[in-house]
Amino acid sequence: MDEQLYRGVLAALEVSHAPTTTPNGRAIAYSELEKFKERNDCDDYAMYILENFEHDNYARHFALQCLSYKATTIGNDPGPLGESLRLKAATLLTNGTKPLNIEAPHIKVLQV
């Protein structure tokens, strides 16, 4: 995992949700986040974010969006990419991201 890329994604998420961000700054942050979703390894970063509870709900929500996007693009692939994604999905279904009694409602909805 590229630590600089990981930190960049977290920074873009922070900028995109900060109330003091200018519209132009927010648009740039959203653009960076959308480009990130298209990376072949975005699901690896997403799982890392979900497995580390110190991330805020914005980061965790974005990680689930990355997995959802990836599922629409390679979810039916019978090869190793599709198999890897299905394994990650099974892990999330089995373990969840956080205990449901403390999970944010908008995260619970994405997990189902």
Side-chain angles (χ1 to χ4, degrees):
M1 183 171 76
D2 180 350
E3 185 71 22
Q4 185 175 0
L5 176 63
Y6 167 70
R7 295 286 172 206
V9 167
L10 294 179
L13 282 166
E14 194 172 311
V15 167
S16 70
H17 290 89
T20 57
T21 301
T22 65
N24 186 45
R26 192 173 319 269
I28 291 169
Y30 284 148
S31 175
E32 289 176 24
L33 294 171
E34 289 303 313
K35 285 180 194 172
F36 176 79
K37 285 183 190 177
E38 296 174 3
R39 290 178 54 95
N40 287 336
D41 59 351
C42 75
D43 54 323
D44 294 327
Y45 287 88
M47 289 302 292
Y48 182 78
I49 289 170
L50 292 171
E51 290 168 353
N52 294 288
F53 293 160
E54 75 269 2
H55 294 295
D56 63 17
N57 288 335
Y58 296 124
R60 297 174 56 257
H61 186 264
F62 177 72
L64 289 170
Q65 287 179 334
C66 288
L67 291 175
S68 176
Y69 179 83
K70 191 78 168 213
T72 61
T73 59
I74 66 159
N76 292 328
D77 183 349
L81 289 176
E83 184 62 31
S84 172
L85 185 61
R86 285 187 290 280
L87 179 62
K88 290 172 184 165
T91 301
L92 278 176
L93 287 172
T94 303
N95 301 331
T97 57
K98 277 187 177 179
L100 287 177
N101 61 337
I102 62 171
E103 186 64 87
H106 66 282
I107 303 286
K108 286 181 200 179
V109 170
L110 284 175
Q111 290 183 58
V112 189

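Put simply, CD1 on I49 and NE2 on H61 are 13.0 Å apart, with the number rounded to the nearest 0.5 Å. The CG atom of L87 sits 10.5 Å away from atom CG of D43, with the distance rounded to the nearest 0.5 Å. Within the model, atoms NE2 of H55 and OH of Y48 stand 6.0 Å from one another, a figure rounded to the nearest 0.5 Å. Between the OG1 atom of T22 and the CD1 atom of I28 there is a distance of 7.0 Å, given to the nearest 0.5 Å.
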For L67 and M47: C-alpha separation, side-chain torsions, deciding distance, then whether side chain to side chain contact (heavy atoms under 4.5 Å, CB included) applies.
CA-CA 8 Å; L67 291 175; M47 289 302 292; 3.9 Å; yes
CA sep, side-chain torsions, deciding dist, call: F62, L33, side chain to side chain contact (heavy atoms under 4.5 Å, CB included):
CA-CA 9 Å; F62 177 72; L33 294 171; 3.8 Å; yes
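Remark: Y69 pairs with no residue by the ring-ring contact (aromatic ring centres under 6.0 Å, His included) rule, at least two apart or across chains. Legend: residues meeting side chain to side chain donor-acceptor pair (under 3.5 Å) with D44, ordered by chain and number and at least two apart, are K88. Under the side chain to side chain donor-acceptor pair (under 3.5 Å) criterion, E34 pairs with K37, not counting sequence neighbours. For N40, the side-chain contact (heavy atoms from CB on, under 4.5 Å) partners two or more places apart in sequence, or in a different chain, are K70. Remark: Y30 pairs with no residue by the side chain to side chain donor-acceptor pair (under 3.5 Å) rule, at least two apart or across chains. Shown here are the side chain to side chain donor-acceptor pair (under 3.5 Å) partners of E54, two or more places apart in sequence or in another chain: there are none.
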Give every donor-acceptor pair under 3.5 Å between a side-chain atom in residues 12-20 and any protein atom, sequence neighbours left out.
unit_1: S16; atom_1: OG; unit_2: A12; atom_2: O; d: 3.3
unit_1: S16; atom_1: OG; unit_2: L13; atom_2: O; d: 2.8
unit_1: H17; atom_1: ND1; unit_2: L13; atom_2: O; d: 3.0

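Using a cutoff of 4.0 Å between basic side-chain nitrogens and carboxylate oxygens, R86 and E83 are scored as salt-bridged.
For Q4, the CD atom sits in a loose shell: 12 or fewer heavy atoms of surrounding residues, nucleotides or ligands are nearer than 6.0 Å.
Of all non-hydrogen atoms in C42 and F36, the two that sit nearest each other are CB-O, 3.4 Å.
Remark: the backbone N or O of D2 is paired with a side-chain donor or acceptor of Y45 at under 3.5 angstrom.
Legend: salt bridge (charged side-chain N to carboxylate O under 4.0 Å, His left out) pairs involving residues 18-29, not counting sequence neighbours: none detected.
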